[in-house]
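Heads up: the structure comes next, in structure tokens.
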Amino acid sequence: LGASALQAVTATTISGSGNLQVGGTSDFDGAVNLDAGLTVLGASALQAVTATTISGSGRADIKGILQVGGAIDANSSSNFAGAMVLQSTLQVGGAIDANSSSNFQGAMVLQSTLDVEGATVLGAATRISGAAGDYAAIPVFSIQGTDSTGAVDDFQLVVSGGILRALAI
């Protein structure tokens, strides 16, 4: 009934009620099943965690790679300091505010208007399509090229009388 000092205990099952208080390190070779919450007051080093749901509040610091097998549902903003590699499509429901240059390797389809505030360089053929005979829908372009004498000059493409013309500016 009183306290006892045991150096080693070997048992198949130990059961009890109340609190278990251990003043040293405990090693478990098998699974540990908890029927209630787990509170950790110090730092924890976990080699592998399998969980259906992990919830908490505050901040979670992960010093390695976070691998997620399902969808990520983030209900706030995100801040990535390094590169982000996406292996599939990117769907954006709002505006994209890109404050640096961009490099697109494949075709780009714009479903609406394109407004360019700075200089534009087109390195290949450009096709402008619209309704046949709707020459008012063709935009006005200012280009730099050479005139009939070989001199560099600025031209403006305009439609006049149903004919596309390059006029010197």
Side-chain angles (χ1 to χ4, degrees), residues 1-132 134 137-143:
L1 291 172
S4 64
L6 299 174
Q7 295 298 321
V9 174
T10 303
T12 305
T13 302
I14 298 175
S15 63
S17 62
N19 297 330
L20 172 64
Q21 195 168 14
V22 178
T25 302
S26 298
D27 295 319
F28 299 94
D29 290 331
V32 176
N33 297 316
L34 302 174
D35 292 331
L38 173 65
T39 301
V40 178
L41 298 178
S44 297
L46 304 174
Q47 297 301 317
V49 175
T50 301
T52 305
T53 302
I54 297 175
S55 63
S57 61
R59 177 182 172 137
D61 289 332
I62 299 172
K63 303 294 185 203
I65 297 172
L66 175 63
Q67 289 182 327
V68 179
I72 297 174
D73 185 1
N75 296 312
S76 185
S77 60
S78 299
N79 184 351
F80 297 93
M84 177 185 282
V85 178
L86 302 173
Q87 301 294 330
S88 188
T89 59
L90 173 64
Q91 238 178 348
V92 179
I96 295 175
D97 185 1
N99 296 308
S100 186
S101 60
S102 299
N103 184 355
F104 297 93
Q105 296 289 328
M108 179 184 284
V109 177
L110 300 175
Q111 302 290 330
S112 186
T113 60
L114 172 64
D115 295 328
V116 179
E117 292 185 14
T120 302
V121 177
L122 302 174
T126 302
R127 184 181 76 186
I128 301 168
S129 58
D134 185 7
I138 296 177
V140 174
F141 290 96
S142 294
I143 58 173

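Predicted model, so just to flag it, every value in this text is computed and none were measured.
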For this session: Take atom CG of L86 as the centre, draw a 6.0 Å sphere, and report whether it contains more than 12 heavy atoms from other residues, nucleotides or ligands.
Result: yes
Exercise. Once you round to the nearest 0.5 Å, how far does CG of L20 lie from CD1 of I14?
Worked result: 8.5 Å
For this session: Nearest 0.5 Å please: distance from the CD atom of E117 over to the OG1 atom of T120.
Result: 10.5 Å
Exercise. More than 12 heavy atoms of other residues, nucleotides or ligands under 6.0 Å from CG of D61: is that the case?
Worked result: yes
